Amino acid sequence: MNLLYDATPLLLRSAGVKNYHYALLTRLLPRLGSHRLTLFPFLASLGVQRNERSNFGPLATAWRFGAVLASNYLPLPLGTRAARQADLFHVTPHLQNPPSRVRLTSMVHDPTPLLLPEFHTPSNIRYFEHFATAVLPKLAGVIVPSRAVERDLVERLRMPENRITVIPHGVGEEFFRASGPRPAGLPERYILSLGALEPRKNLTVLLAAYLLLPEPLRRQYPLVVAGATGWKNDALRLRLDADRALGVQAIGYVPPESLPALYAGAAVFAFPSLYEGFGMPLLEAMAAGTPVVASNVSAMPEVVGTADLLVDPRSPGDLARALEQVLTSATLAARLTEAGLRHAREFTWDRTALATKAFFETMAG
């Protein structure tokens, strides 16, 4: 099998989606055996993983990403030329005009640009709308990370269920060791939230819930908000600044090598997102031995199983009560920690890679 894999996300500033592709390809490439995998657009390696910028140098990034954009908006047969020897082309929504003479597959992390457009930029919506209408119907098969995404593709986008394969993400072994440098300036113990500063992460409800906690508890456990800036977050950033005197500490982007220690230092991990196709931070927190309070919507219940407390993400009161329960009950916190560690062990990138290899072999016939 000759597989062409769209690795355009490696050229971008990104966290969750880029981490998925890098972690998968790192485990998949050594397991291909007689199969051949080529990285599109014309990449010889995965580069050095960086969330805050491209994995490659400015020149190498510019011409490759420019070529992808040119093939999207000009009649340039970039994808067709790259796929001449391919049996299968695994595309992403970044390539809007994939070739028609090769079997196509893709990965849908979440369909929120269509389900929750108010949480996205116009360009995000435009790209995914085109993907859903012009590319998705042409796919021989699509990978999704959860039953929740599978359900949404079937019910909302009319994707045939027999063309969808659920392959969960994994979690790196480094999170179980919870070692590495800890970000400077953190309190001894804290409530942790991690994710891009964007509306879908629902941080305004988390801030409201935090202020509902008893003042002695807030003094003992400040709220640490970690994550790179996203979009539509001007009001949120003003709110974070205003709440600084009340125990809220926004620390911005945290590099991957510091994440295990960041999770391990938290008394509880709060993840009140309004929608997740999977939610890798949940697995990372559980692997680091941190109790989790998460939303009861989309993929989050199936990702955490019975290893956390689930709450209505639109209710600050529900979220505050769950946080208080974990912070004031050593027995509950210990039970959630033990269950989380056990559950996180079920998710490995090796398992994800083997399942993805099987998917490609099936799709290529």
Side-chain angles (χ1 to χ4, degrees), residues 16 110 145-148 168-169 171 175-176 178 187-195 200-227 247-249 259-260 262-347:
D110 73 71
S146 63
R147 297 292 176 192
H169 298 337
V171 61
F175 291 99
F176 292 95
E188 182 178 352
R189 295 288 276 172
Y190 44 88
I191 301 167
L192 176 65
S193 169
L194 185 142
R200 180 165 57 96
K201 300 303 181 180
N202 202 27
L203 291 178
T204 54
V205 168
L206 175 58
L207 291 172
Y210 180 70
L211 296 182
L212 291 176
L213 293 175
E215 185 178 353
L217 209 55
R218 284 191 280 115
R219 284 200 303 268
Q220 186 178 0
Y221 298 103
L223 172 61
V224 173
V225 178
V248 178
Q249 186 175 346
L259 286 178
L262 176 68
Y263 284 118
V268 60
F269 179 63
F271 200 67
S273 177
L274 292 169
Y275 188 103
E276 293 293 324
F278 188 79
M280 282 195 283
L282 293 169
L283 278 187
E284 293 167 355
M286 289 189 294
T290 302
V292 169
V293 173
S295 300
N296 60 3
V297 298
S298 62
M300 287 170 279
E302 63 183 282
V303 171
V304 300
T306 60
D308 81 340
L309 295 181
L310 297 173
V311 299
D312 177 358
R314 298 187 184 274
S315 172
D318 283 0
L319 180 54
R321 281 188 290 274
L323 292 174
E324 186 172 0
Q325 287 176 33
V326 177
L327 294 172
T328 58
S329 172
T331 301
L332 175 61
R335 179 175 66 78
L336 294 177
T337 293
E338 182 182 355
L341 283 166
R342 185 169 57 248
H343 188 65
R345 282 289 181 192
E346 299 177 13
F347 298 84

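Note that these values count all heavy atoms, side chains included, but never hydrogens, waters or copies made by symmetry. Because the structure is a prediction, the values reported are computed rather than measured.
Taking CG from Leu309 and CG from Leu319, the interatomic distance works out to 10.5 Å, rounded to the nearest 0.5 Å. Rounded to the nearest 0.5 Å, atoms CG (Leu217) and CG (Leu212) are 12.0 Å apart. Expressed to the nearest 0.5 Å, how far CZ of Arg314 lies from CG of Asn296 amounts to 11.0 Å. Summarising the geometry, atom OH belonging to Tyr275 is positioned 9.0 Å from atom CE belonging to Met300; distances are rounded to the nearest 0.5 Å. Remark: Tyr190 OH to Leu262 CG distance equals 4.5 Å, nearest 0.5 Å. Considering NE2 of His343 and CG of Leu282, their distance stands at 9.5 Å, rounded to 0.5 Å.
Within a 6.0 Å radius of CD in Glu338, no more than 12 heavy atoms belonging to other residues, nucleotides or ligands are found.
Phe176 and Leu341 make their closest contact through CE2-O, 4.1 Å (heavy atoms, listed as atom of the first residue, atom of the second, distance). Across all their heavy atoms, Ala322 and Val311 have their closest contact at CB-CG1, 3.6 Å. Closest approach of Leu310 to Pro301, counting heavy atoms only: CD1-CB, 3.9 Å. Nearest heavy-atom pair across Gly340 and Met286 is O-CB, 3.6 Å. Closest approach of Pro291 and Ala333 over heavy atoms only: CG-O, 3.7 Å. Across Val326 and Ala267, no two heavy atoms sit closer than the pair CG1-O, 4.2 Å.
In this structure the side chain of Leu213 never reaches within 4.5 angstrom of the side chain of Leu223, judged on heavy atoms. Ile191 places none of its side-chain heavy atoms less than 4.5 Å from the side chain of Val293. By the 4.5 Å heavy-atom criterion applied to side chains, Thr290 and Leu192 are not counted as neighbours. Using a 4.5 Å heavy-atom threshold, the side chains of Met280 and Leu283 count as separate. When side chains are defined from C-beta on, Gln249 counts as touching Pro187, because their heavy atoms get closer than 4.5 Å. Here the side chains of Arg335 and Leu332 are in contact, with some heavy-atom distance below 4.5 Å. Taking 4.5 Å as the limit, some side-chain heavy atom of Leu194 sits within range of a side-chain heavy atom of Tyr263.
A donor-acceptor pair under 3.5 Å is absent between the side-chain atoms of Ser295 and the main chain of Pro313, judged by distance alone. Listed for the Asn202 side chain is a donor-acceptor partner under 3.5 Å among the backbone atoms of Pro272. Between the side chain of Thr337 and the backbone N or O of Gly289 there is at least one donor-acceptor pair closer than 3.5 Å. Distance alone, capped at 3.5 Å, places no donor-acceptor pair between the Ser298 side chain and the Gly277 backbone. For the pair His169 (side chain) and Phe347 (backbone), a donor-acceptor distance under 3.5 Å is absent.
Residues satisfying the ring-ring contact (aromatic ring centres under 6.0 Å, His included) test with Phe271, not counting sequence neighbours, are Phe269.
Counting only residues at least two apart or in different chains, salt bridge (charged side-chain N to carboxylate O under 4.0 Å, His left out) contacts with residues 268-287 comprise Arg200-Glu276, Lys201-Glu276.
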